[in-house]
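See structure below.
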Amino acid sequence: MKNILLAFAVLISAGGCATSPPPINNARSVPMERVFRADALPLANSARAVFVRDAGLSGGAYQHLYIDGKKAASLNPGEKVEFMLTPGKHIFGAAPTDSSDTRSLAVTEQDLKTDKSYFYRIQMDGDSSRATLQRFMPDYQ
């Protein structure tokens with residue numbers, strides 16, 4: 001009986017931490033006071049990069065998005081932010097809020113092409129001390 005209760009508790013706690021990428025249409029836009037780059041306006045010959053933070057119980061702290069080493073936005077669960085960037089290589093990073101500066105930055109490099117859209121998912125790994133950033137294809141574009 002003790003083992004059954006322990007297994008049940010583990011399942012409930014694991015399920016409570018589950019996250020999932022929200023559909024792009026359902027994700028809320030990050031408020032402008034948490035967007036730190038001005039690359040949001042469409043420009044000729046630009047590439048579109050959309051970042052979506054997983055919804056669910058993925059920690060209350062912000063996930064900070066970095067583009068080419070500079071802080072670009074801070075996202076809550078279920079939020080998205082979009083940037084229009086120059087074509088070419090860019091380095092994207094994500095890290096959770098960390099007042100003690102012990103969490104590492106997850107990075108990915110992407111060679112953006114003119115007039116293309118790129119979608120990235122920001123999520124927490126299992127121990128909630130590290131973000132992951134991965135490219136994905138949404139149901140629509």
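Fair warning: this is a prediction, and the values are worked out from it, not measured in the lab. By convention here, the first residue in the shown sequence is residue 1.
Of all heavy-atom pairs between S29 and E79, the closest is O-OE2, 4.4 Å. What you find for D111 and K89 is that their closest heavy atoms are OD1-N, 3.6 Å. The minimum heavy-atom distance between N45 and T114, with the atom names listed, is CA-CG2, 3.4 Å. Residues L75 and R34 come closest through the heavy atom pair CA-NH1, 3.9 Å. F83 approaches R37 most closely through the heavy-atom pair CE2-CB, 3.7 Å. When all heavy atoms of E82 and V50 are compared, the pair lying nearest together is CG-CG2, 3.8 Å.
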Problem set entry | Test side chain to side chain contact (heavy atoms under 4.5 Å, CB included) applied to Y120 and V52, step by step | CA-CA 6 Å; Y120 300 90; V52 181; over 6 Å; no
For this session: Run the numbers on Q134 and T108 for side chain to side chain contact (heavy atoms under 4.5 Å, CB included), then give the verdict.
Result: CA-CA 8 Å; Q134 68 184 63; T108 187; over 6 Å; no
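For the 3.5 Å distance criterion, the side chains of R48 and S117 qualify, holding a donor opposite an acceptor.
Taking the side chain as every heavy atom from C-beta outward, Q110 and H90 never approach each other to under 4.5 Å. Contact check for K80 versus I24: side-chain heavy atoms found under the 4.5 Å cut-off.
Expressed to the nearest 0.5 Å, how far CD1 of I122 lies from OG1 of T132 amounts to 9.0 Å. R121 contributes atom CZ, which lies 4.0 Å from atom CG of D54 (distance to the nearest 0.5 angstrom).
The pair D115-K113 does not count as a salt bridge, with every side-chain nitrogen at least 4.0 angstrom from each carboxylate oxygen.
A distance below 6.0 Å separates the ring centres of F92 and F51.
Annotation: side chain to side chain donor-acceptor pair (under 3.5 Å) contacts of Y118 (sequence neighbours excluded): none.
No continuous path of hydrophobic side-chain contacts links L133 to F36 [ILVMFWY only; heavy atoms under 4.5 Å].
Under the 3.5 Å distance criterion, the side-chain polar atoms of K71 are left unmatched by any main-chain donor or acceptor of L65.
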